[in-house]
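Okay, structure first, notes after.
Because only heavy atoms are used, hydrogens play no part in the values below, and waters and symmetry mates are left out as well, while side chains stay in.
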Amino acid sequence: AISPARLAPQLLLYGRVETPDLLKVAASGQARVAEVAVREGEAVEAGRLLVRLDERDFLPSLHQAQAQVAELQAQIQSERIRFENDRKSVEQERKLLAIAQDGVERAQRLKKQRVGSDSDLDAAEEALARQVLAVSSREMSIDDHPARLRALEARLQSAIARQEEIELDLERSAVKAPFSGVVTGVEVTAGDQVKTDAVLLRIYSFAGLEVRAQVPAPYQGEIAAALSAAVPLVAEARVGDAPVSLRLQRLAGEAQPSGVDGLFGVERGADTLRLGQMLTLRLARPPRDDVVAVPYQAVHGGDRLYKL
């Protein structure tokens with residue numbers, strides 16, 4: 001007896017496990033690998049040590065950066081002391097300038113009175129010229145103080161940034177898992193010499209796993225309309241005896257003549273999956289009214305139904 005009802009047809013799909021969050025863990029600096037604490041395929045918790053680089057390879061650069069910071073701090077202190085000395089000394093220099101001007105005027109008067117010589121006047125003018133130059137140099141040094149101080153402070157900030165960068169590299173020499181996931185593709189072993197940014201290993205998160213499966217072209221419009229209407233499209237798969245629950249999140253940006261890829265998020269059972277694994281999915285299509293459920297084996301060619 002046939003009883004039409006509201007049913008959700010199932011669509012059989014074949015998918016592959018992938019992730020957009022495959023993390024390539026790289027070396028923070030040129031160093032020797034001191035320890036590799038994990039193996040390929042091993043599940044790890046967030047914060048667990050993965051690889052440790054020899055921190056002694058980072059210490060010389062760190063000490064050099066610390067010394068440069070200390071040197072620039074000392075130069076800034078010296079510049080401020082120099083400015084205070086210039087500010088106090090310029091008043092004395094100006095008083096000496098006034099005395100030198102008086103000396104020239106006195107030598108000129110004595111020469112007019114014919115009691116002074118040309119050499120005395122030349123000596124007084126020379127002393128005046130030297131004092132004018134001294135006052136000018138002192139005033140220029142005072143005026144130039146803000147620019148010198150800014151230059152030293154800029155160099156200090158650059159040196160501090162360099163020191164912080166090396167300290168961060170040193171901290172990252174002990175590579176820890178940023179999330180819970182699975183290690184794949186360990187590229188180094190203890191004793192290897194690695195360069196900066198060399199890939200040490202790869203790790204992916206269970207939370208970032210997706211299953212990519214092609215939706216056949218005849219069903220593409222139906223699936224796209226259901227996604228636009230926010231109709232939940234769930235799918236089931238099995239890994240051995242363990243069930244895996246998935247939900248269609250989006251369709252790929254490019255299609256092929258045979259169909260378009262659907263990207264399924266894993267809602268339950270992600271810890272049983274591995275990257276690259278093939279799955280058979282049963283996707284529940286949007287419910288339809290007045291339909292009848294029949295065995296898949298009875299359908300022939302999409303338009304004929306055989307009965308016994």
Side-chain angles (χ1 to χ4, degrees), residues 6-25 38-46 177-186 199 201-288 291 293-303:
R6 180 175 175 83
L7 300 175
Q10 286 191 343
L11 183 61
L12 194 65
L13 304 175
Y14 301 96
R16 184 175 186 270
V17 179
E18 59 181 43
T19 178
D21 300 327
L22 180 62
L23 175 63
K24 295 179 180 179
V25 180
V38 293
R39 291 291 180 265
E40 181 178 354
E42 189 173 349
V44 297
E45 297 294 329
F179 45 68
S180 299
V182 176
V183 176
T184 177
V186 179
V199 176
L201 54 81
R202 291 182 289 274
I203 181 173
Y204 63 87
S205 168
F206 287 125
L209 289 179
E210 294 180 337
V211 176
R212 179 184 292 268
Q214 188 177 76
V215 177
Y219 304 98
Q220 181 176 336
E222 173 188 301
I223 300 300
L227 286 175
S228 298
V231 176
L233 297 173
V234 296
E236 294 289 335
R238 299 194 72 83
V239 178
D241 295 331
V244 179
S245 298
L246 307 103
R247 180 169 179 167
L248 183 61
Q249 295 179 333
R250 63 193 186 279
L251 296 177
E254 295 183 359
Q256 300 176 4
S258 57
V260 62
D261 288 347
L263 295 168
F264 293 80
V266 183
E267 297 190 336
R268 184 168 57 91
D271 56 339
T272 64
L273 301 179
R274 289 297 183 267
L275 204 62
Q277 187 174 1
M278 301 300 296
L279 294 177
T280 300
L281 286 67
R282 295 186 180 275
L283 172 65
R285 295 162 53 196
R288 300 178 64 178
V291 295
V294 298
Y296 177 78
Q297 294 83 353
V299 180
H300 177 74
D303 60 354

Main-chain N/O of [Y] paired with [X] side-chain donor or acceptor, under 3.5 Å:
| X | Y | answer |
| --- | --- | --- |
| Tyr204 | Thr19 | no |
| Ser205 | Gly181 | no |
| Glu222 | Tyr219 | no |

Ignoring hydrogens, what is the shortest heavy-atom contact between [X] and [Y]? Give both atom names and the distance.
| X | Y | answer |
| --- | --- | --- |
| Asp271 | Phe206 | CA-CE2, 3.7 Å |
| Val239 | Gln277 | CG1-NE2, 3.5 Å |
| Leu23 | Pro178 | CD2-CG, 3.4 Å |
| Pro257 | Ala217 | O-CB, 3.8 Å |
| Gly208 | Pro20 | O-CD, 3.4 Å |
| Pro243 | Arg268 | CG-NH1, 3.6 Å |

When you compare the side chain of [Y] with that of [X], does any pair of heavy atoms fall below 4.5 Å?
| X | Y | result |
| --- | --- | --- |
| Phe179 | Ile203 | yes |
| Thr184 | Leu22 | yes |
| Leu273 | Leu279 | yes |

* **All salt bridge (charged side-chain N to carboxylate O under 4.0 Å, His left out) counterparts of Arg250, not counting sequence neighbours** =>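 Salt bridge (charged side-chain N to carboxylate O under 4.0 Å, His left out) list for Arg250, sorted by chain: Glu210.
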* **Crowding at CZ, Arg6 (>12 non-hydrogen neighbours, <6.0 Å)** =>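 Buried by this count: over 12 neighbours within 6.0 Å.
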* **Residues, nucleotides or ligands: over 12 heavy atoms within 6.0 Å of Arg288 CZ** =>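 Not buried by this count: 12 neighbours or fewer within 6.0 Å.
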Drop me the distance from [X]'s [atom1] to [Y]'s [atom2], to the nearest 0.5 angstrom.
| X | Y | atom1 | atom2 | result |
| --- | --- | --- | --- | --- |
| Arg238 | Arg282 | CZ | CZ | 11.0 Å |
| Gln249 | Leu227 | CD | CG | 10.0 Å |
| Leu283 | Gln10 | CG | CD | 8.5 Å |
| Glu18 | Leu209 | CD | CG | 10.0 Å |
| Asp261 | Arg16 | CG | CZ | 11.5 Å |
| Leu12 | Leu281 | CG | CG | 8.5 Å |

